[in-house]
Enquirer: 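My structure is below; once you've seen it, I'll send some questions.
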Amino acid sequence: MSMDYIRRVYEVPAKRGAIVEYMAGDGERLRGTIVGAKGPYLRIRLDGNNRAMNFHPTWHLTYIGAEI
């Protein structure tokens with residue numbers, strides 16, 4: 001699967017380098033950068049972290065300054 005697949009299936013403006021905001025369980029908003037995709041998940045490096053993590057494209061994510 002690819003970034004194009006994620007954009008089409010989940011109807012999100014995901015692309016490498018895009019800025020996103022993740023709403024953590026405690027209500028904290030964490031910013032990060034999309035660095036790639038792995039299967040149907042986005043690989044996002046949250047600000048302040050060295051490693052990317054997998055996130056579902058629609059689960060508690062806000063795409064900053066992006067249009068579909």
Side-chain angles (χ1 to χ4, degrees):
M1 293 177 207
S2 67
M3 200 70 73
D4 182 57
Y5 171 86
I6 291 172
R7 282 191 293 270
R8 284 185 292 111
V9 170
Y10 297 106
E11 297 179 352
V12 296
K15 64 180 180 179
R16 193 170 280 109
I19 304 299
V20 295
E21 217 171 56
Y22 171 68
M23 176 72 77
D26 61 0
E28 184 179 4
R29 293 181 181 271
L30 305 171
R31 252 183 204 222
T33 304
I34 298 174
V35 297
K38 184 172 185 177
Y41 296 98
L42 294 172
R43 300 280 297 154
I44 297 173
R45 186 180 319 113
L46 296 175
D47 292 355
N49 291 343
N50 294 328
R51 296 186 178 193
M53 298 181 289
N54 294 336
F55 289 84
H56 188 279
T58 62
W59 185 254
H60 295 237
L61 280 182
T62 302
Y63 295 83
I64 307 299
E67 296 179 17
I68 296 177

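FYI, the numbering just counts along the sequence from 1.
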Enquirer: Can you get from Y63 to M53 by hopping between Ile, Leu, Val, Met, Phe, Trp and Tyr side chains that sit under 4.5 Å apart?
Expert: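 In one cluster: yes.
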Enquirer: Do any pairs count as a salt bridge (Lys or Arg N to Asp or Glu O under 4.0 Å) and have a residue in residues 43-62, sequence neighbours left out, and if so which ones?
Expert: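 As it turns out, there is no salt bridge (Lys or Arg N to Asp or Glu O under 4.0 Å) pair with a partner in residues 43-62 once direct neighbours are skipped.
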Enquirer: Listed by chain and number, what are the side-chain contact (heavy atoms from CB on, under 4.5 Å) partners of Y41, not counting sequence neighbours?
Expert: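 Per chain and number, Y41 pairs via side-chain contact (heavy atoms from CB on, under 4.5 Å) with N54, H56.
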Enquirer: What residues, two or more places apart in sequence or in another chain, satisfy side-chain contact (heavy atoms from CB on, under 4.5 Å) together with H60?
Expert: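 Listed in chain order: Y22, M23.
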Enquirer: Determine whether L61 and V12 satisfy the following criterion, side chain to side chain contact (heavy atoms under 4.5 Å, CB included), listing intermediate values before the conclusion.
Expert: CA-CA 10 Å; L61 280 182; V12 296; over 6 Å; no
Enquirer: Identify the two heavy atoms, one from I6 and one from A37, that lie closest to each other, and give their separation to 0.1 Å.
Expert: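 Closest approach of I6 to A37: CD1-CB, 3.8 Å.
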Enquirer: With clusters defined by side-chain heavy atoms of hydrophobic residues (ILVMFWY) lying less than 4.5 Å apart, directly or transitively, does L46 cluster with V35?
Expert: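 No, it is not one cluster - the side chains of V35 and L46 are not joined through contacts under 4.5 Å.
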Enquirer: Name the one of T33, I44, I34 that satisfies side-chain contact (heavy atoms from CB on, under 4.5 Å) with I19?
Expert: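 Answer after filtering T33, I44, I34: T33.
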Enquirer: Does Y5 have any ring-ring contact (aromatic ring centres under 6.0 Å, His included) partners at least two apart in sequence or in another chain, and if so, which?
Expert: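 For Y5 there are no ring-ring contact (aromatic ring centres under 6.0 Å, His included) partners, ignoring immediate neighbours.
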Enquirer: Quick one: does R7's side chain have a donor or acceptor within less than 3.5 Å of a partner on A14's backbone?
Expert: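 Present.
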Enquirer: Please say yes or no: joined through hydrophobic side-chain contacts below 4.5 Å, possibly via intermediate residues, are L42 and V9 part of one cluster?
Expert: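 In one cluster with L42: V9, yes.
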Enquirer: Could you name each residue pair satisfying salt bridge (Lys or Arg N to Asp or Glu O under 4.0 Å) that touches residues 19-30, not counting sequence neighbours?
Expert: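 Listed by first then second residue: E21-R29, E21-R31.
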Enquirer: With rounding to the nearest 0.5 angstrom, report the OG to NZ distance, S2 to K38.
Expert: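 Result: 16.0 Å between the selected atoms.
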